[in-house]
Each structure stands twice: as structure tokens, then as C-alpha cells.
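Report on the following structure.
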Amino acid sequence: MEIASKYSPNATEDKWYKYWMDKGFFKSEPDEREPYTIVIPPPNVTGVLHMGHMLNNTIQDILIRRARMMGKNACWVPGTDHASIATEAKVVNRLKTQGIDKADLSRDEFLNHAWAWTEEHGGIILEQLKKLGASCDWDRTCFTLDEPRSKAVIDTFVTLYEKGLIYRGIRMVNWDPEALTAVSDEEVVYKEVHSKLYYLNYKIEGSEDEFVTIATTRPETILGDTAVCINPNDERFAHLRGKRVLVPLVNRSIPIIEDEYVDMEFGTGCLKITPAHDINDYEIGMRHNLESIDILNDNGTLSEKAELFVGKDRFVVREEIVPELEKAGNLLKVENYDNKVGCSERTGAVIEPKLSTQWFLKMSDMAKVALDAVMNDEVKFHPAKFKNVYRHWMENVKDWCISRQLYWGHRIPVFYLESGEFFVASTIEDAVEKAKTATGNSALTVADLTQEEDVLDTWASSWLWPMSVFDQNNEVDYYYPTNDLVTGHDIIFFWVARMIMAGYEFKGTFPFRNVYFTGMVRDKQGRKMSKQLGNSPDPLDLMATYGADGVRVGMLLCSPAGGDLLFDESLPEQGRNFANKIWNAFRLVKGWEINNSIEQPEYVKQAISWFDAKLDQTIEIVNDHFSKYRISDALMTVYTVFWQEFSSWYLEAIKPAYQQPLDGATYKATVEFFDKMLRLLHPFMPFLTEEIWQTLEDRKEGESIMVSDMPVAKPLNADLLDKFEIMKEAVGGIRTIRKEKNIPMKDALNLDVLGGENYAADFDAVLVKMANIREMTMVSEKTEGAVSFMARTNEYFVPMDGMIDVEAELEKLRKELAHQQGFLNGVMKKLSNERFVGSAPEAVVAKERQKQADAEAKIKTLTESIARLEK
RNA sequence: GGGCGAUUAGCUCAGUUGGUUUAGAGCACUUGGUUUACACCCAAGGGGUCGGGGGUUCGACUCCCUCAUCGCCCA
């Protein structure tokens, strides 16, 4: 059979993905097996695949494929998120390019555009995930805004309201003047900006030339000032107590109040108070019963209440008010000042703290339960360091503003009578019934009720995701709680924390057992990959170039849980090279001519016994890594074993001479080993392993490596493995001599071994083959005229017919002797310390004594060899 | 300003409750090798006073304190 010398992924990937889909291997139905469930972090419905998705979904696919091969009923539920504000912003922008203003559209008209956009772009990202090999049960694809999910969201709102956990109130919220909606605290990103600090003089009422000076970065807000505040402990301003000042330009009289909030060190120690436009000022205003003057319109322009600059944008006013203040003699000085400004995560607009009527969800009780669950490891975080981050947030959690002034989302199920009285119900019909009962007016109809205009925050649907994606009657008890959640640590508060809260609140138990946090994917310079920077490669291009398996391996090779991944094209390249390495090992094995009449050589028997044990050890190590969610380490283990141990040692050891046939027993054993290696690799490299597995042996229609069993380890033969390592050292020693003496590999050498009583000959035949030894002799005395080296306590001699460079040999031996003596000194220092021998565990002391014995034996051998050469 | 975390080879990272490590891996690098599965390869090799200082301990990369630098989160 002719097999190409390079693996070509493009030809095989689509073929096997289709095969898996056709055979229904991704599907899951409840049965008697133990379930293993993952729900996908739903990407934005109109989003495109980026490197973060690649990493995240590769890890999920590895976990789900492995669970499937371990006999679990593996169910990976895919889906998308309607992403309320993000999608609405995109639709608004598109309408703008068509010359349509959102404000001119009715709610229904806008929603028609939004659905059209969703149908046009929705689900592309899921198709892209298929290229990656994602083994999701696609029949289960959910959307946060589809019927069942919407029902769950609405019912949940009603339930929470009836429990008294949802309330409506006027609060200071983060207002996005561009999207014209409130956003949650988590949707505000703080950006460092260079701004200015303005020192303004406020004239003291009733005096001619007395002033107080305040410092502010926002001079335009003075028009909404309702007080000036000083710290009661600040003696500098004791004379101001009880006085009033005049707001510059408008000459409104406001009081001087005292509050310990004021930082005496900052600015001038005097603070202007604008309760309508700053959260801290708002709180101070509440404490002191101050009036609140809202000088801003929803779009960020100044309102009538400002009296001046009405209708102009706040940033324009900031420019224009300064010369006015200067003219009026109120501007003392201006300093440069760096501060952080809150911006909308979605629109980028500078957020304005604003008083408005919103719906809130009480968090404190739910947060406590969810905090405990994580702190006592009922829900485990990987890595655990995120527990601290989580705790800090949960202990300071504030009520969740769940209303948004948008169209695209779940409309809040609150229905108002004209009187303002409202009723919360899943449907308007239920609301009518409630209204009838409450008012005693049985003539009420749906026409008398108006539904709340606001929609719910997008996370109010995502937080139900692990339960809402399952059939509530037949399935949810089987699949829920899910097993593992894989997500970026950037949404630990948005999403992870809230899912945990929802899990306990509605299901009485955690939504998932483990959370695996991935890091951010960054470029070589450490910048987060983003569309704006244009520093993110297109995942589809990458997969076309390096193969999906190559990209998967590349991403995994250096991405520990929670650690950022510095992505560079050398990574998928390495993955591609590994795929090719496996491919060529396959070529080698399939290329051998098999002859069942040949006897199995001794060196092959030895190699098989060793690699059999090596595989057991590998399986155990991989299992251990997975149990700790060290997925990169698990991959690296298989990677190294395949490349170093299987290819470079095992295959080289059993390889027959050029164009010679291989015996049947060896072929059979080798194919079995290969098969096990492939199954260990399959979760990481699904396509390549399937392609090879299908050809390695005759397979029946419908068979697949993805539904085969993960190999299980036999009890470990550690002694055997150690003996092989000694043999490797000996081969290495001989290779080094060849290099130093310039002896080509094809020239056979003789080897004398001074091994002592404990010498293990188990792998001598492999040694002879791998080092190309003509004759290997066990000797009881040092060989004269030979180059020597040691492996453990064995001494090896390669006779050189007097071609020895004595000085070079001596130098080598002395260097080794010095190292051994240094090592022994360290050991002896410990052993001669009575307190060490007395207080260290016995096993530790025994180990040190063994080290001492070995080092002493080596030193004796080296000293003798040196003495002999010095003669 | 508050909190969390990091700092180990040129780069990216391991080092799993302090003791098989005078520190490991992958990549990169140097040298040698190819009619023999793979140059997307093989072999050998160099390279680190574990960020600085102090402490606890018989023993510290590992625990504590402190300083420095960086990153992230929150206000």
C-alpha cells in the first residue's frame, strides 16, 4: 500500500465528521449509564469564531470525548446567546447604514429587523465549531431567546417576584447614553484617561471676597451641585461650618455640609456634591437629605434643569464652561490628572451614573449559598486561585439591575393598569385574572393592561442555561447537575457566579461539579486578541493550514488552567508536526512485510515487555492529570511517550533490517500498542486518530475510535521500567563516545560491562541493537585501553585499540568525580546532622543512605579509573 | 485606593500537602547525521546563584515577612 509521506488533514476531516454525524455518535438520550454533561458557554448568536472559542471548545471536546470513551453517556449541549445589548447595537448600526433610525421604528418593526439579522448571521459560529471537531449533540441546539428558554426566563421572573426577591426602584444606575439603556456594574469597563483637574472657587454667601475652592474633573456638573462638603475633622475649614456658598455662573445658593467621606488629602479637601450624577455624591445626598438636580437628558445632553448650555453634549459643555468660569473669576487653576472613566462594554460610550426606575434582583441570600458552595468545594474551581476572586466579589455583591431599555430580549412580564398598579404574571391573561382579583373589577380585559417596555439583562437567561437546555419533564433530572463547565475567567461574575446561584435557588443543588477556567488568548506581545487590534488569526485559516488536530494540539500544549495563552503560529505548527510524526509511524508499521514463519527475535521480546509496562504507566499518569484537570500535562505526557518512547525507542528497537520482513507476533503486538496510543490521543486529535485507526486493522462498518474504550492500566511494573532507563543511559553513553571519537553509527563496536552482582541483563539485546554492538562481554575487571562511562553503578568499556586520548579521558573522569563528590558532600551534610537523622521520616533517611551508597560506589570506580589512567 | 495572583533556561511553562531535583519539559539554539517511516526527521550538547533581602526549619523552588517589577479584578 502506498501512503503519502505527509498527513493531509483537509482530505480527512470533513469525511470523518460526516461519518460521526451520520452514525449519530454525538447524540445522547437518557439511559441506564452514568451521564456526563457539559453545556457550552453559548457564544453570541451573530458572533464569529475567535481564538478564545477555539481554546474553550477544544477543552470541552477533549473532556466529552474522553468521557464517552470511558463508558459515560456523554452529552454536550450546544447553543447560542441572544446577547441582548451586543446584538441590538449591531442591528442599530446596520439600520444606521441603511438610513434608518431606531427611534423611528416601533418595537415590532425593530424586532423584525433583529430577527432578520439573527437568521442571516445566526448559527454561523456553530458551523465553524464543527470544523474544530466539536462533538456536540447538535439536535439539542438551543437559543436563549427560543420558546422553551424564554418560558423559563419569564417563569423564573414571576417566581422570584412572588418570593419577594425582585423589586422596582429608583436607583443610581450605570447609564449608557448611546444605547439609551441601563447596564449592570459588570458591563462597565474602566479606562485610564488623561484628563484635567479643575480648581473652582465658590463664593461664600454673604461675604464679598471669601471663597472655598473645590477640585473637580467634571466642571459641567456644577450646574447640578446641591452642596459643598467638608470633612468634619478638617480644622482648615472649621470657619465654614453652617455657611452657604453660591454655585458659579448660576449663583444658586447651596449649603456646606460635613461628611467623613471626604478625603482631606485629595484636591483641596472640599468636595462639590452632585447627587444626580455621581454614585458617592448620591449616597451623601441621601444621608443629608439633599435635593437632586438631574441636569442630563438620556442621550447625554444637558437638560432644562441645567439652565445653561441646554441641549449641548456634556463633553462639549466641559470645553465651553471653562472659559465662562474663567471670565467669571471662578477658575483658580487647572492641573493634569489621570483617572479612570467607566465606559460601556458594548458601545464604548462614557457611562453616566443616573437616577432611574429599574428592576432589581436581591442578591444577598442567593450569594451566600453560592459562596459557600464554592468555598467548601461542592463546586470546584480549577485553578483554585479563582476562589479568592470569587469570594471577594460575592461578599460585596450588590443587587442586580436586571432591566434594560432595549427591545432585543425577554420582555419583562409586568403588566400595568392605567392607574400604575401592576401585576406580574407569565402571560397577559394571567395578569388580567390577577388584576380582576386585586381590583374587584371583573370587567377588566387584556386591553386594559400595558406590558412593561423594558427587557431583561441577557444574563437573566444565561444564568438558567445548565437547567433550561433540558426537557423539564423527562431529562433534567438525569442530566442535571452537569459535570464540568469550561469558560473564560473574565465572566466569572457575569455568568459562573449567577449560574451557581440559580442552581441552588431553583434546583436545590449546584449546576456543575467543576469549573475549568481558561485564560485569555493573547498575541506574542501579550495583547488580548481582538477584532479591533486585528491581531487575531482567523481560526478557519489556521485549521486549513495546520489541520484541526494540529491547531487543537497547538492550543493545548501551553495553556494551563487559568493561565493566559500566548498564541503564536509556531504552536499549531508544532501540532501539525506531531500529527505528521504519528502519520509516519503509521506508514512505517503498515509498510512492513509480515512473515509468520520467522521467529520473534530476543530484542523484540524485550522491547515489547518494556513498552507494555510503559503504556500502563502512561495511562496512569494521564488519568492522574485529567483527575486534576491538567489537560495540557495530559497531552504532553502522551505527546512525549508517542514521540520519544514509542517512535524513537520501541519502533527503532523492533525495526527489522532494511527490506527485511517482520514476524507476525511482533506486528500484532505493535498494532495493539499503536491502537492504544491512538485511543489515548483521540480526545486531543480526533480526526487523525480516526483516519489511522480505521486503516490500522480491518474495521466493520459503523465502528469508530470515538466510541471505542479508553485503555485501562494493568498494575505497574516499575522495576522493569527502571531497568530500561539504565539501558537507555548505556546507549546514550555509547552514542556520546561515537560522537566524540567520530565513529559512524554503522560501524559496530565491542562493549565490556563491569556490572557486579546486581546487574540486570533484561534489556541487553535491545542495548546491542540500539547501540550497534558487535560483541557484548560481561567482565569482572576494568578493560585496558578502552573508553569508559557509567550508567548508575555499572561501568561500561568500549575497547579502542590504543586510540585513547588519555588526557581527554582523565578530564572527563575528573569532572564526573568532582560532581559526584559535591553530590556526596551534600548528602553527607544531611546524614551527619543528628537532628536530620532523628527528626526526618525514616523513608527520607533511607533514601539519603541509598544516595550515599551509590555515590560512594561511583566515586570508588571513578577514582580507580583515574589512577589507572594516570599510571 | 482595595483585593488577588505571578516572578524558575533565550521564549512559554511544570515542579502535585517542605525531603528520590547542586532544579525538569517543550520550543528555540549549537554540533554531527540522511539511498534505510518522518528535515514537519534522528542523535548528542550548551544554557538557570529558582526576582532581591530577611526569617522559620535538621532541611526551602516550595512556608512566613519585606522590597521590587509585572499582570488581572474591583472601586
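These numbers come from a predicted model, not from an experiment. Residue numbers start from 1 in every chain, and the chains themselves are labelled A, B, ... in the order their sequence lines are given, proteins ahead of strands.
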Hey, does A:R630 reach any base, or is it just sugar-phosphate, or nothing, if we go heavy atoms under 4.0 Å?
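Here A:R630 touches the bases of the nucleic acid.
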
Looking for any heavy atom pair under 4.0 Å, which part of the strands does A:S570 touch: base, sugar-phosphate only, or nothing?
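Since no nucleic acid heavy atom lies under 4.0 Å of A:S570, the category is nothing.
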
Those residues that, when tested against A:Y546, pass ring-ring contact (aromatic ring centres under 6.0 Å, His included) (two or more places apart):
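For A:Y546 there are no ring-ring contact (aromatic ring centres under 6.0 Å, His included) partners, ignoring immediate neighbours.
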
Please pick, from [options], the nucleotide with the shortest atom-to-atom distance to any side-chain atom of [X].
X: A:S648; options: B:G15, B:C42, B:U12; answer: B:C42
X: A:N584; options: B:C27, B:C41, B:A37; answer: B:A37
X: A:V389; options: B:G15, B:C73, B:A37; answer: B:C73
X: A:S647; options: B:C73, B:U20, B:A37; answer: B:A37
X: A:M636; options: B:U16, B:A37, B:A25; answer: B:A25
X: A:F836; options: B:A44, B:G5, B:C58; answer: B:C58
X: A:H392; options: B:G26, B:C40, B:G3; answer: B:G3
X: A:Y639; options: B:G26, B:G5, B:C38; answer: B:G26
X: A:K851; options: B:G26, B:A44, B:U20; answer: B:U20
X: A:K739; options: B:C38, B:U20, B:U31; answer: B:U31

May I ask you to say whether [X] pairs ionically with [Y], meaning some side-chain N is under 4.0 Å from a carboxylate O?
X: A:K628; Y: A:D624; value: yes
X: A:K728; Y: A:E645; value: yes
X: A:R814; Y: A:E809; value: no
X: A:D259; Y: A:R287; value: yes

Rounded to whole Å, please give me the gap between [atom1] in [X] and [atom2] in [N].
X: A:H489; N: B:G5; atom1: NE2; atom2: P; result: 14 Å
X: A:W643; N: B:C38; atom1: CH2; atom2: P; result: 14 Å
X: A:N623; N: B:U16; atom1: CG; atom2: P; result: 20 Å
X: A:E652; N: B:C42; atom1: CD; atom2: C1'; result: 8 Å
X: A:Y261; N: B:G1; atom1: OH; atom2: C1'; result: 11 Å
X: A:H625; N: B:G26; atom1: NE2; atom2: P; result: 14 Å
X: A:E573; N: B:A28; atom1: CD; atom2: P; result: 8 Å
X: A:W393; N: B:C4; atom1: CH2; atom2: C1'; result: 16 Å

May I ask you to verify whether the side chain of A:R576 and the base of B:C40 hold a donor-acceptor pair under 3.5 Å?
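Between B:C40 and A:R576, which were checked side chain against base, a qualifying N/O pair under 3.5 Å is present.
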
Looking at B:C38, does its base get a donor-acceptor pair with the side chain of A:K581 below 3.5 Å?
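Such a pair is found, so the answer is yes.
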
Using the [atom1] atom as the reference point in each nucleotide, state the distance between [N] and [M] in Å, no decimals.
N: B:G51; M: B:C61; atom1: P; result: 10 Å
N: B:C73; M: B:C27; atom1: C1'; result: 32 Å
N: B:C41; M: B:U36; atom1: P; result: 16 Å
N: B:A60; M: B:G18; atom1: C1'; result: 6 Å
N: B:G24; M: B:C29; atom1: P; result: 23 Å
N: B:C74; M: B:G15; atom1: P; result: 27 Å
N: B:A23; M: B:U69; atom1: C1'; result: 24 Å
N: B:C42; M: B:C4; atom1: P; result: 47 Å

For A:D633 and for A:W649, find the nucleotide of RNA chain B with the closest heavy atom, then tell me which residue's nucleotide is more 5'.
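The residue closer to the strand's 5' end, by nearest nucleotide, is A:D633.
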
If you pin A:L824 and A:F578 to their nearest nucleotides in RNA chain B, which one's is more 5'?
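Closest to the 5' end, via its nearest nucleotide, is A:L824.
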
Base-pairing assignment for [N] (Watson-Crick or G-U wobble, both under 3.5 Å):
N: B:G45; answer: B:C29
N: B:G1; answer: B:C74
N: B:U69; answer: B:A6
N: B:U35; answer: none

So, A:N10 and A:S8: side-chain donor and acceptor under 3.5 Å apart, yes or no?
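A:N10 vs A:S8: no donor-acceptor pair found between side chains.
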
Minimum side-chain heavy-atom gap A:H489-A:T518 below 4.5 Å
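No - every pair of side-chain heavy atoms lies 4.5 Å or more apart.
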
B:G5 OP1/OP2 closer than 4.0 Å to side-chain N/O of A:N388:
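For B:G5, OP1 or OP2 has a side-chain N or O of A:N388 closer than 4.0 Å.
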
When you measure from the side-chain N and O atoms of A:K655 to the phosphate of B:U36, is any distance below 4.0 Å, counting only OP1 and OP2?
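Checking B:U36 against A:K655, no side-chain N or O comes under 4.0 Å of OP1 or OP2.
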
Main-chain N/O of A:R587 paired with A:N584 side-chain donor or acceptor, under 3.5 Å:
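No, A:N584 side chain to A:R587 backbone: no donor-acceptor pair under 3.5 Å.
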
